[in-house]
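Written below as structure tokens is the structure these notes are about.
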Amino acid sequence: MADTATPNVIRRADYAPPAFLIDTVALEFDLVPDRTVVRNTMHVRRNPDASRALHLELMGEQLEFVSAEIDGQPFPNAHAHDHGLLLDNVPDSFELTLTSICNPAANTTLSGLYVSSGNFFTQCEAEGFRRITYFLDRPDVMATFTVTLRASKADYPVLLSNGNLLEEGDLPDGRHFARWEDPFRKPSYLFALVAGKLVALEERVKSGSGKEKLLQVWVEPHDLDKTRHAMDSLINSIRWDEQRFGLELDLDRFMIVAVSDFNMGAMENKGLNIFNTKYVLANPETATDTDFANIEAVVGHEYFHNWTGNRVTCRDWFQLSLKEGLTVFRDQEFSADMAGGATDEAARATKRIEDVRVLRQMQFAEDAGPMAHPVRPESYVEINNFYTMTVYEKGSEVVRMYQTLFGRDGFRKGMDLYFKRHDGQAVTCDDFRHALADANGRDLAQFERWYSQAGTPRVSVRTRYDAAQQRYSVTLRQGYGDVAPAARETQKGPLLIPFAIGLIGNDGRDLPLQLEGEAKAPAATTRVLEFTQTEQTFTFVNVAQEPLPSLLRNFSAPVIVEYDYSADQLAFLLAHDSDPFNRWEAGQRLATRELLTLAERAATGAALQLDDSVVAAFARVLTDETLSPSFRELALMLPSEAYLAEQMGESNPAAVHAARQFVRKRLANALKNDWLKVYEQHRTPGAYEATPEAAGHRALKNLALSYLAELDDPAEAVRIASAQYDAANNMTDRAAALSALLNAAAAKGGSTEAQQALDDFYQRFEKEPLVIDKWFALQATQRGSAQRPVIDIVRRLMSHPAFNLKNPNRARSLIFSFCAANPAQFHADDGSGYAFWADQVIALDAINPQVAARLARSLELWRRFTPTLRDGMRAALEKVAAHVKSRDVREIVEKALA
Ligand code: TRP
Ligand code: ZN
């Protein structure tokens with residue numbers, strides 16, 4: 001029977017410093033898949049800054065306790081239990097040696113020490129180290145680590161751990177060893193080891209101060225031809241952190257290792273980053289342009305953690321955004337700089353738009369449901385459930401706001417002070433804020449609310465033009481609207497919102513921005529207003545004509561802006577705004593409004609129609625050769641079904657799908673010749689090039705293809721897509737062609753062209769797991785039809801020989817793709833999707849609770865759906881709640897049902 005007691009809640013307010021500290025750790029591993037012996041020798045002492053405890057309580061999970069010694073003598077008062085080891089009456093300062101055994105081969109959780117494809121890997125964040133040895137497994141206990149690895153030389157020729165290699169050599173019986181030392185103190189969550197049959201791409205580079213560094217990207221031998229891009233990304237990351245932040249690589253060697261069984265994207269273990277293969281392996285035949293960009297971003301992200309996360313770490317897990325929000329901000333800036341340098345605003349905007357899309361679609365949704373939490377949460381049941389969009393993406397927006405307020409130079413001064421004060425420490429989000437405030441001579445007390453208030457703020461805007469006085473006033477009002485109960489409890493008062501604004505004249509040009517009381521207008525035509533009160537009016541003077549406001553330029557704060565633009569005004573902004581982000585935003589607003597109206601009509605079965613002016617606005621973007629291809633692609637992509645459903649009073653995925661498909665078809669048919677022309681113009685014949693420009697052409701061309709596949713008569717599109725599929729010399733074009741073939745065939749329940757391409761794709765890439773993941777995902781996210789619902793295809797694929805629930809990438813490619821990225825099919829009104837979801841959450845729970853909990857989240861917004869769907873969702877949630885065992889999934893479903 002399931003345990004129904006409320007699981008333990010961990011609260012931020014209960015933080016207390018550790019009773020003991022651990023200064024040094026010497027680990028010895030005898031690596032055997034089903035029986036690894038770990039000997040752990042630590043220097044332990046009482047923490048002078050904590051209240052005195054008699055007993056030492058170490059954490060430990062899934063360990064077989066063997067022995068404990070203190071200062072070389074057997075220690076009889078050690079009591080092992082399910083969650084750790086209790087040592088009674090210990091001295092003030094001592095050497096503790098513990099021996100225990102774990103079973104990596106049986107570890108399907110992928111947390112702690114585990115085996116993947118016959119090799120050993122570790123994953124310790126957040127609380128995995130306790131599955132390797134008994135320890136004070138919390139981030140404010142920092143020690144220096146020495147690691148000795150022993151294993152069969154034939155089976156595990158490569159033995160890696162953090163830091164520098166001290167020694168390696170042979171042992172009797174075909175075994176060998178390696179000894180590693182990490183000179184920097186670190187918390188246990190940054191420990192890592194890797195052992196197995198791996199090969200590396202190597203480079204030697206000189207860091208800023210002239211020291212030589214050895215860089216390695218370790219993979220299985222057959223993947224060596226897919227490591228160049230990761231290596232280039234690493235080298236670029238190292239340079240970028242030196243140039244932008246003056247931060248140098250502090251080790252002689254930096255290693256990246258790829259593993260195909262991995263719970264998340266990658267992990268920043270000191271000097272030994274471990275990556276999901278998805279974020280390392282790429283060549284043009286196997287990886288799309290998006291994959292290439294993601295690899296650059298994730299390699300950067302993990303590398304940047306070396307300073308923001310490792311050198312300065314978190315005091316406790318409530319401070320997770322201290323490292324994650326900051327590091328996401330840094331990787332976003334890195335990608336923007338790589339694409340557009342510091343000055344190419346249009347190229348930078350492409351990255352910004354992509355990031356804001358993710359934030360709005362995923363984080364805003366999180367903020368609207370039962371998992372809503374502040375950037376710095378107040379409580380959790382399972383910390384793995386708090387590696388969230390809010391902590392990462394909203395956390396990044398919070399960091400970005402410091403830069404928006406203080407400028408790049410002010411932000412840099414704050415970062416410098418942060419490292420000066422806190423290098424080598426485990427600190428809090430308050431420490432970061434204080435460094436930024438002090439370096440810029442500012443009081444940021446009010447800004448703290450960004451860390452403690454959940455929910456998405458709304459800013460409503462009223463404007464008034466006084467022609468006689470030539471005054472233009474902008475009144476901003478902030479609040480949270482009708483937020484989720486989980487968010488409501490956290491709200492205390494108004495936020496400091498950096499609100500960037502521009503005013504646009506009749507000719508489409510920016511007007512000067514002179515605020516009341518100022519002698520003259522500044523040169524810049526975008527101003528960041530510091531909006532701190534519930535309601536505040538900013539008055540611009542010498543405004544010669546009634547302007548059109550461009551609000552929240554470059555998305556200067558993670559808020560929803562409410563302003564009643566007319567359709568004509570939005571079309572004007574789409575054509576003229578000098579802020580490329582807001583130009584895109586105007587198109588999205590126009591489309592969103594139109595789509596929501598259509599969705600409400602579709603929900604009642606009414607006929608749909610689209611105004612010609614909307615088609616005309618899109619036609620102008622499509623044919624405007626002065627706009628970059630990547631911008632056009634983003635502007636012509638309609639808001640996602642998930643985002644639109646979220647905006648409805650009651651989410652109705654079927655109605656949203658009908659509305660969005662109607663508009664796509666209308667745009668396809670009305671602009672057919674333009675799409676064909678754009679398709680031709682943006683082909684990239686010849687050798688594949690990985691540049692942002694070439695990727696922009698491919699993106700726009702493939703968007704055109706996807707619209708053409710919507711034509712009432714798709715025969716021509718099918719011909720084009722088939723030809724593109726056959727001729728493709730890169731995965732971007734091949735996958736886009738396959739997707740177009742699948743969708744063009746959906747209405748008639750499939751086609752031979754689509755089936756042939758699917759079969760060819762499988763055979764061609766059978767030996768490339770990451771490409772087979774795409775094969776599953778493309779099928780799971782395809783459009784369905786009444787005669788062929790996608791659930792049937794997904795169920796059939798579950799028994800395909802290549803499907804494997806234990807591999808997270810594979811589970812995500814089929815199950816998550818269907819449950820989270822195909823809303824119209826997942827939310828089928830017979831409830832079949834929900835029943836499938838429940839079965840899979842329950843099955844995954846027994847294998848890998850972290851992955852199961854992620855899948856569990858796809859029903860958390862059930863209360864916001866149309867009533868006819870709610871019962872099926874609740875029943876599925878209740879079924880899961882009654883069957884699952886893990887703390888991870890229980891927290892999610894119990895919060896959803898509460
Ligand atoms: N710290 C990692 C990052 O953001 C993410 C991470 C946290 C992780 N826990 C994990 C990765 C567990 C893999 C498994 O870079
Ligand atoms: Zn991170």
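Just so you know, ligand 1 is whichever comes first in the structure, and atom 1 is the first atom listed for that ligand.
- Glu268 and His301 are not linked by any side-chain donor-acceptor pair at a separation below 3.5 angstrom, with hydrogens and angles left out of the test.
- Taking the six-membered ring for Trp and the full ring otherwise, the centers of Trp240 and Phe304 sit less than 6.0 Å from each other.
- For Tyr156 and Phe120, the gap between ring centers is short of 6.0 Å.
- Between NE2 of His305 and OE2 of Glu324, the angle at the Zn ion (ligand 2) works out to 90°, rounded to 10 degrees.
- The Zn ion (ligand 2) does not have Glu268 among its coordinating residues (no N/O/S atom, backbone or side chain, under 2.8 Å).
- Taking the N/O/S atoms of His301 in turn, the shortest distance to the Zn ion (ligand 2) belongs to NE2.
- If you look at Phe318 and Tyr451, their ring centroids are not closer than 6.0 Å.
- Looking at Leu193 and Leu160, their side chains never come closer than 4.5 Å, going by heavy atoms from C-beta outward.
- At a heavy-atom cutoff of 4.0 Å, ligand 1 is surrounded by Gln123, Glu125, Phe262, Met264, Ala266, Met267, Glu268, His301, Glu302, His305, Lys323, Glu324, Tyr387, Tyr392.
- Atom CE of Met401 sits in a crowded spot, with more than 12 heavy atoms from other residues, nucleotides or ligands closer than 6.0 Å.
- Between Phe245 and Phe419, the gap from one ring centroid to the other reaches at least 6.0 Å.
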